[in-house]
Amino acid sequence: MAEHVILIAGPMGAGKTTAIQSLSEIPVVSTEAANTDRATANKATTTVALDYGEITLDGVEKVRLYGVPGQRRFDYMWRILEERALGLILLINNDGQDPVGDMLELIKDFSALQERGGVVIGVTRSDVQEYPHTSQYVDSIREVYPHITAPVFSVDARNRDHMLITLTALLFNIQAQSEAPMEDVA
Amino acid sequence: MRPTYTIGFLEVDSYHQVLVRSMVSRAAASLSATWDIAETPKADVVIHGPRAAAKNASGRLNVRLCGQGEISNNPQDLPAPLRLSALLEMLKRAEADFVNTVGVSKAPQIQAAPQAPPVIHETAARTGMLILGETILKSLASQKPGIIKVLCRDREALWIDLRRRAFAAPYALNEMPEDADAIRLEIIAVSADTASPVPTPGTSLDRLLWHVGLRAGAGKPAPWVNPAKRYKLKYWPNFSELPHSITHMNLVARFGSEALTADDASLRCGVDIATVINTMNALTLMGLLNENNGVEIRRLQTVTQPEQVSRVGGLIGRFKSKFGW
C-alpha cells in the first residue's frame, strides 16, 4: 500500500489536533495530557506525543497525517518524522506572543522540507487577533528566505475546506519545485 | 556516428513529460540514437496529449498519448498507462524511419529544436472590468492612492479605499456588470483627514482585484500584462479567501517555482492559454506576479526528481478524483 506522510507542526495552541480532526477520515488518535504550561496556551490539555489521522485514496493509498507536539523539548521526534515526510503544514496562531518569529524558527527547524517546497503556512486565530496580517508573514519569509515562495493562508483549523486548500497547495508546490530547472541569478 | 534526435510535447501534462524523460533515460542503452527532450513542441518526435488538436502536428513523427481508459486501434497511439516497452518500440520505429529518410551519415547532430514562432496574443476589449482594473492600478501607482466610487446601473455605489486596501460592496461581486457602458467610475481626491467610505475593517482589496483581474481580459491579455515576457510569482494569494479552482493553484505553484511566459505556463500545466492569461491578468493586478526583468536564468541542470514528481503528480490526481475537483 502506498503511503504519504504529511506533518502538521506549530506552537502549542495553533490548532494542530483540530486540523487533523478536520482532515482525517478516521477518529483521530491523540495523546493528550493535562497542560501544565497555561501561560503559553490557555487550554486544559495538550498533545504530548503524536496526533494521528488518515485520508484513504482509491481504497489502497493512504495519506498519514501526523501532528507533532509543539513544545521544543520534543524536537527529536520532528527529526524522525521529517525523514519520512512528503511535506509540512505549519500552523501558527496569530494570537501567540511572537507568531512571525515562531514561524521563522519552525521553517528553519524543518529546513530540509522547506528547501524542496514542502512547507505551507496556515495562520490560525486571525479572527481573534487581526494583526499581524498574512502579508507580514509573507514579507518576513521573503526577507529571510528570498529563494522560496511558501504559500501563506489564513485558515480556520476547524474548516475542512481551508485545510484541504492548504494540503492541495502543499502538493502543487512540491510538484512545481521538483520539476523546476535550477536557477542561477547572474 | 550516433545520431541525435529530439522529443517534444504538445499539451502533455507534466507528469507524463517527466515519465517520458525518465523512460528515455532508462532506455538509452537499447536505442541506436541519442534522444534529447526539446524545450519546445517542435521536435523530431512530437508526443501529443489526448486532447491536442491533430492540426498542430509539427514533428517528423507525431504520436498521440491515449487518455486514461481509452482504447485506440491506431498503431501510432501510445496506450495508457504508458509503458516503457511501448515508448521504446515507438522510438525504434522513429529511428528506422529517420535513417531511411536521410541516411545515418546525414542524420542531424544535436539539433536544438527550432524556436517556435512567437505567438501573437490579441489584446483585450475595453470592458468595464478592464477599465476598473486600469483605474485601480493607476491610482495605486500614484503618490496619493485615493478613493474610487464604482456606480453600476440600478445599484448602490461600491466604494474602494486604496489607502486601506479595502472595499465595501452592497452586492455580490458576481452581480457586477462587465460591460463598459454599465459601469461609471468616480475618482475622489483625498487629504489626510478624508474619512473612509468603507466601514472598518471592510473587505480585502485582493478579493476585488482577483475578481476584476480574472474577467478583465476575457481570455486576452490586459494592458498591464505582456504574455510574451517571463513572469515570476512574488508570493501566493491567500486562497482561503478567494474563490478559485485547482487550475489556479497549479498555475500559481508553477509561477512560484520558475519564471514563465503565458505559453510556457500553458504547456507546463496543460491548461488552455485563455485560463493562463486570465490568471496572469489577476495576479499581476494584485501585484503578485512580476516581470522577470534583469534576472538571467541559466538552465544549469534539470533538478527534476522523477520519482518525487510522479509520486506527487499521482497523489494530486487521486485527490482530484476523490474530492471531485
Which atom names give the shortest non-hydrogen contact between [X] and [Y], and what distance separates them?
{"X": "B:Trp236", "Y": "A:Ala150", "result": "CD1-C, 4.2 Å"}
{"X": "A:Ala169", "Y": "B:Met249", "result": "N-SD, 3.5 Å"}
{"X": "B:Ser257", "Y": "A:Ala176", "result": "OG-O, 3.4 Å"}

Can you tell me how far [atom2] of [Y] sits from [atom1] of [X], rounded to the nearest 0.5 angstrom?
{"X": "B:Phe239", "Y": "A:Phe172", "atom1": "CZ", "atom2": "CZ", "result": "10.0 Å"}
{"X": "A:Thr168", "Y": "B:Ile246", "atom1": "OG1", "atom2": "CD1", "result": "4.5 Å"}
{"X": "A:Thr149", "Y": "B:Tyr235", "atom1": "OG1", "atom2": "OH", "result": "12.5 Å"}
{"X": "A:Tyr137", "Y": "B:Asn238", "atom1": "OH", "atom2": "CG", "result": "12.0 Å"}
{"X": "A:Leu57", "Y": "B:Ser321", "atom1": "CG", "atom2": "OG", "result": "8.5 Å"}
{"X": "A:Glu61", "Y": "B:Leu315", "atom1": "CD", "atom2": "CG", "result": "5.5 Å"}

Quick check against the 3.5 Å criterion: does B:Ser240 have a side-chain atom that pairs as donor or acceptor with the backbone of A:Val155?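 Not confirmed, B:Ser240 side chain does not pair with A:Val155 backbone.
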Walk me through it: do A:Asp58 and B:Lys322 pass the test side chain to side chain contact (heavy atoms under 4.5 Å, CB included)? CA-CA 8 Å; A:Asp58 283 356; B:Lys322 181 171 178 97; over 6 Å; no
Which bit of B:Phe255 is near chain A, if near means a heavy-atom gap under 4.5 Å: side chain, backbone, both or neither?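 Contact with chain A: none, neither part.
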Could you look at [X] and say if it's the side chain, the backbone, both or neither that has a heavy atom under 4.5 Å from chain B?
{"X": "A:Asn173", "result": "both"}
{"X": "A:Val138", "result": "side chain"}
{"X": "A:Ile141", "result": "neither"}
{"X": "A:Thr166", "result": "neither"}
{"X": "A:Val123", "result": "neither"}
{"X": "A:Ile55", "result": "side chain"}

Around [X], counting heavy atoms of other residues, nucleotides and ligands shown, do more than 12 lie under 6.0 Å from its [atom1]?
{"X": "A:Arg79", "atom1": "CZ", "value": "yes"}
{"X": "B:Arg51", "atom1": "CZ", "value": "no"}
{"X": "A:Lys108", "atom1": "NZ", "value": "no"}

Chain A interface, residue from B:Glu241, B:Lys234, B:Lys320 that has the most non-hydrogen pairs under 4.5 Å: B:Lys234
